[in-house]
Amino acid sequence: MTRTSRTLLLAFAALGLGASATSTYVHHQLLTQPGFTSFCDVNATVSCTEAYLSAYGSLWGVPVAVLGVFFFTLVAILAGLAGRPGSAARENVAGYIFALSTVGLAFVLYLGYAAFFVLKAFCILCVLTYVAVAGIFVVSGGVTSAPMSTLPRRVGGDLKRLAGSRMALAVLALFLAGSVALALAFPDEAVARRAAQTPQALPAVTPEQRAQLATWWEVQPKVDLPVSADGATVVVVKFNDYQCPPCRLTHDAYKGIIDKHSAGGRLKYVLKHFPLEAECNVHAPGGGHFAACEAAAAVLLARPRGTADRMEEWLFANQGPPQLTPAQVRQAARDVAGIADFDAQYPGALQEIRQDAALGEQLGVNSTPTFFINGRKIPQILQAQYFEVLIELELNRTP
């Protein structure tokens with residue numbers, strides 16, 4: 001292995017490790033901090049959250065981002081070994097990295113397909129790891145000289161030499177211990193969701209932040225929403241998809257705020273459906289949400305029975321992973337919401353959902369969730385305390 005190829009391998013490993021470590025932090029924050037939003041969440045299409053909290057964000061209960069940290073750290077260690085003068089394993093390192101990156105490339109191709117064609121989501125950090133894996137694959141493949149068929153025999157000899165090196169064993173022990181500790185640092189997603197639903201004190205908004213937010217809010221364009229206020233001072237409208245992870249996050253983070261300000265009738269909350277599924281939304285940008293229409297219909301049909309809230313909570317709680325299926329929604333509609341004739345009423349519910357989606361299209365909605373407060377569109381997901389400030393600004397507005 002040449003010095004140039006080793007440098008390239010270390011550079012790609014550093015790129016991938018940086019992206020994976022950042023992804024790990026973001027994924028952990030999403031599970032432990034209600035209302036957390038990351039810099040790479042622009043909308044439902046350009047969204048890390050959409051990828052991390054989907055069925056493809058974890059493997060066997062371990063976040064994919066953590067697996068990336070394992071992979072790139074191991075590549076960096078192997079590339080580091082290749083720089084040790086006199087190392088008996090030096091000539092074999094390129095083959096080991098090439099074998100690892102072959103598996104890694106197959107994995108990221110699968111994740112890339114899932115992200116771009118199933119979820120219809122672009123995750124910036126994910127793409128950086130894809131580039132890093134592809135770079136490692138190309139560089140290691142170019143410098144691998146020995147036949148790969150001899151790799152198993154070479155591994156046996158190198159493992160024997162590894163067992164005789166205290167330093168190598170210490171590095172291996174640190175790597176394994178760190179890997180296990182990192183994996184265990186992540187809470188179970190079901191447990192994290194229950195914790196997110198527990199009311200928590202929000203960080204205080206400083207007077208300076210409030211003033212800046214008020215100045216920004218005043219210049220946001222306002223549209224006329226065909227939604228009756230029914231005497232309320234503030235009308236909050238949410239365009240929602242029950243299979244959208246950011247929709248679940250905002251539901252959990254904003255629910256207490258909306259309930260608090262709805263008391264006394266000063267705030268009215270209206271949920272509109274914008275499923276990212278073509279069956280009921282021809283304007284959908286696509287999102288691989290194959291049960292989104294059934295989910296929206298289940299909530300609509302549950303309203304006359306007084307079980308809509310229960311149905312909504314079930315949908316968000318069972319959003320995934322694994323990904324929710326239409327059959328599961330139909331079963332829950334019967335068991336949770338008491339809808340015995342879901343199939344018979346489904347076509348009628350689709351008509352109302354399509355009307356909501358058409359309204360969203362007219363208002364420029366192209367991702368979920370999209371919120372309007374008194375006709376002003378919130379262009380990005382806000383942390384809960386800032387969302388509440390906007391409501392308070394509207395409640396205190398002088399007519």
Side-chain angles (χ1 to χ4, degrees), residues 22 25-44 46-50 52-53 187 189 191-222 232-241 244-272 309 312-313 316-317 319 365 367-398:
T22 305
Y25 169 78
V26 171
H27 198 154
H28 188 272
Q29 292 296 102
L30 288 171
L31 293 179
T32 58
Q33 299 296 324
F36 174 81
T37 56
S38 70
F39 68 93
C40 53
D41 284 340
V42 178
N43 52 45
V46 182
S47 172
C48 295
T49 298
E50 187 77 14
Y52 298 157
L53 298 187
E189 294 213 13
V191 174
R193 173 167 170 76
R194 288 194 295 270
Q197 292 175 326
T198 303
Q200 299 181 15
L202 298 173
V205 179
T206 66
E208 292 78 12
Q209 291 173 327
R210 184 179 291 269
Q212 291 173 358
L213 195 58
T215 300
W216 168 80
W217 186 239
E218 286 302 319
V219 299
Q220 300 307 305
K222 188 173 183 178
T233 304
V234 177
V235 177
V236 176
V237 177
K238 177 186 181 183
F239 284 87
N240 180 74
D241 177 331
C244 156
C247 291
R248 182 184 72 190
L249 289 176
T250 52
H251 168 79
D252 293 343
Y254 297 173
K255 188 176 187 301
I257 295 170
I258 290 171
D259 290 345
K260 180 177 75 173
H261 291 287
S262 296
R266 297 192 67 198
L267 182 146
K268 179 180 179 180
Y269 174 69
V270 178
L271 185 135
K272 295 290 184 181
D309 289 346
E312 185 173 64
E313 293 297 334
F316 281 131
Q319 190 181 71
V365 174
S367 64
T368 54
T370 295
F371 285 87
F372 290 84
I373 299 179
N374 278 356
R376 283 188 169 91
K377 180 181 178 181
I378 301 179
Q380 62 187 38
I381 298 174
L382 297 177
Q383 291 189 11
Q385 64 269 36
Y386 301 124
F387 179 80
E388 184 168 25
V389 168
L390 297 185
I391 290 176
E392 291 172 349
L393 289 173
E394 292 297 320
L395 286 171
N396 297 328
R397 185 181 295 278
T398 302

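- Here the straight-line distance linking atom OH of Tyr386 with atom CG of Leu213 works out to 8.5 Å at 0.5 Å rounding.
- Using a 4.5 Å heavy-atom threshold, the side chains of Val236 and Tyr254 count as separate.
- Closest heavy-atom contact between Ala384 and Ala253: CB-O, 3.7 Å.
- Within a 6.0 Å sphere centred on CG of Asp309, other residues, nucleotides and ligands contribute 12 heavy atoms or fewer.
- Among Tyr269, Phe371, Phe316, the single residue meeting the ring pair (Phe, Tyr, Trp, His ring centres under 6.0 Å) criterion with His251 is Phe316.
- You'll find the side chain of Val389 stays beyond 4.5 Å of the side chain of Gln209, heavy atoms only.
- Looking at heavy atoms from C-beta onward, Pro245 lies in side-chain contact with Gln319 at the 4.5 angstrom threshold.
- Of the listed residues (Leu395, Ile373, Asn374), just one forms a side-chain contact (heavy atoms from CB on, under 4.5 Å) with Leu390, and that residue is Ile373.
- The local environment of NZ in Lys255 is sparse, with at most 12 non-hydrogen atoms from other residues, nucleotides or ligands closer than 6.0 Å.
- The line from SG of Cys244 to CG of Leu249 is 8.5 Å long, rounded to the nearest 0.5 Å.
- Distance CD/Glu392 to CG/Leu267: 11.0 Å, rounded to 0.5 Å.
- Separating the SG atom in Cys247 from the CG atom in Asp241 is a distance of 5.5 Å, to the nearest 0.5 Å.
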Handout entry: Trace of the side-chain contact (heavy atoms from CB on, under 4.5 Å) decision for Leu271 with Glu312
Key = CA-CA 11 Å; Leu271 185 135; Glu312 185 173 64; 3.5 Å; yes
Problem - Verdict with reasoning, Arg266 to Glu394, per salt bridge (charged side-chain N to carboxylate O under 4.0 Å, His left out) - result: CA-CA 10 Å; Arg266 297 192 67 198; Glu394 292 297 320; over 6 Å; no
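- Between the CD1 atom of Ile258 and the CD atom of Glu388 there is a distance of 10.5 Å, given to the nearest 0.5 Å.
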Handout entry: Audit row: Arg376, Glu218, side-chain contact (heavy atoms from CB on, under 4.5 Å) steps and yes/no
Key = CA-CA 9 Å; Arg376 283 188 169 91; Glu218 286 302 319; 4.1 Å; yes
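- Between Leu393 and Ala214, the shortest heavy-atom distance links the atoms CD1-CA, 3.7 Å.
- Using cut-offs of 30° and 60° on the angle between ring planes, the pair Phe372 and Phe239 is perpendicular.
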